[in-house]
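These notes concern the structure reproduced below.
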Amino acid sequence: MALTLLVVAMTAALLLPVAGVCRPGPIWQRLAALASLSTKAAVLMLVVSVLRDDPMLGMVGVLVLAVGNAGLLLLGQLLRQGGA
């Protein structure tokens with residue numbers, strides 16, 4: 001019961017970064033919001049993999065966590081060098 005409430009709360013928390021991305025502002029704030037979204041989605045995948053006892057879903061969650069944040073950091077560096 002408590003883990004189900006945790007998953008529901010984490011799913012609801014995914015809406016906060018989406019609202020941050022939709023607002024106009026500097027690109028760095030949008031990148032931070034997207035990094036937060038990918039991190040929360042990966043952690044949610046890890047929680048679900050523990051609940052279902054599914055190691056493959058956990059591996060996908062770890063890959064999303066690593067690759068998603070690394071891609072956003074690379075994009076941020078490219079935008080910084082490009083002067084955007």
Side-chain angles (χ1 to χ4, degrees):
M1 178 69 178
L3 288 175
T4 304
L5 289 175
L6 177 68
V7 170
V8 169
M10 289 176 71
T11 305
L14 287 173
L15 297 175
L16 294 174
V18 172
V21 171
C22 292
R23 281 186 282 167
I27 190 71
W28 298 109
Q29 289 179 357
R30 290 182 179 183
L31 284 176
L34 287 175
S36 173
L37 182 66
S38 70
T39 302
K40 286 179 184 178
V43 170
L44 182 62
M45 289 176 70
L46 291 173
V47 169
V48 170
S49 75
V50 169
L51 290 176
R52 291 188 176 182
D53 195 27
D54 188 5
M56 292 304 289
L57 185 61
M59 288 183 67
V60 170
V62 168
L63 286 173
V64 166
L65 186 62
V67 174
N69 287 340
L72 283 172
L73 287 173
L74 178 63
L75 178 63
Q77 285 296 324
L78 290 173
L79 287 173
R80 185 174 160 196
Q81 289 177 359

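As a basis for the values below, the full set of heavy atoms in this structure was taken, side chains included, without hydrogen atoms, waters or symmetry mates.
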Besides L5, the hydrophobic cluster formed by Ile, Leu, Val, Met, Phe, Trp and Tyr side chains linked at under 4.5 Å, directly or via other members, contains none

Tell me which pairs pass side-chain hydrogen bond (donor to acceptor under 3.5 Å, both in side chains) where either residue lies in residues 39-50, with sequence neighbours left out. T39-N69

For residues L63 and V48: do they belong to one hydrophobic cluster (side chain heavy atoms under 4.5 Å, members Ile, Leu, Val, Met, Phe, Trp, Tyr)? no

For G61 and A42, work out which heavy atoms get closest and say how close. O-CB, 3.4 Å

What's in the same ILVMFWY side-chain cluster as M59, cut-off under 4.5 Å, chained through other members? M56

Identify, with sequence neighbours excluded, every residue that meets side-chain contact (heavy atoms from CB on, under 4.5 Å) alongside V50. none

Which residue in the set D54, L57, L65, V62 passes side chain to side chain contact (heavy atoms under 4.5 Å, CB included) when paired with M45? L57

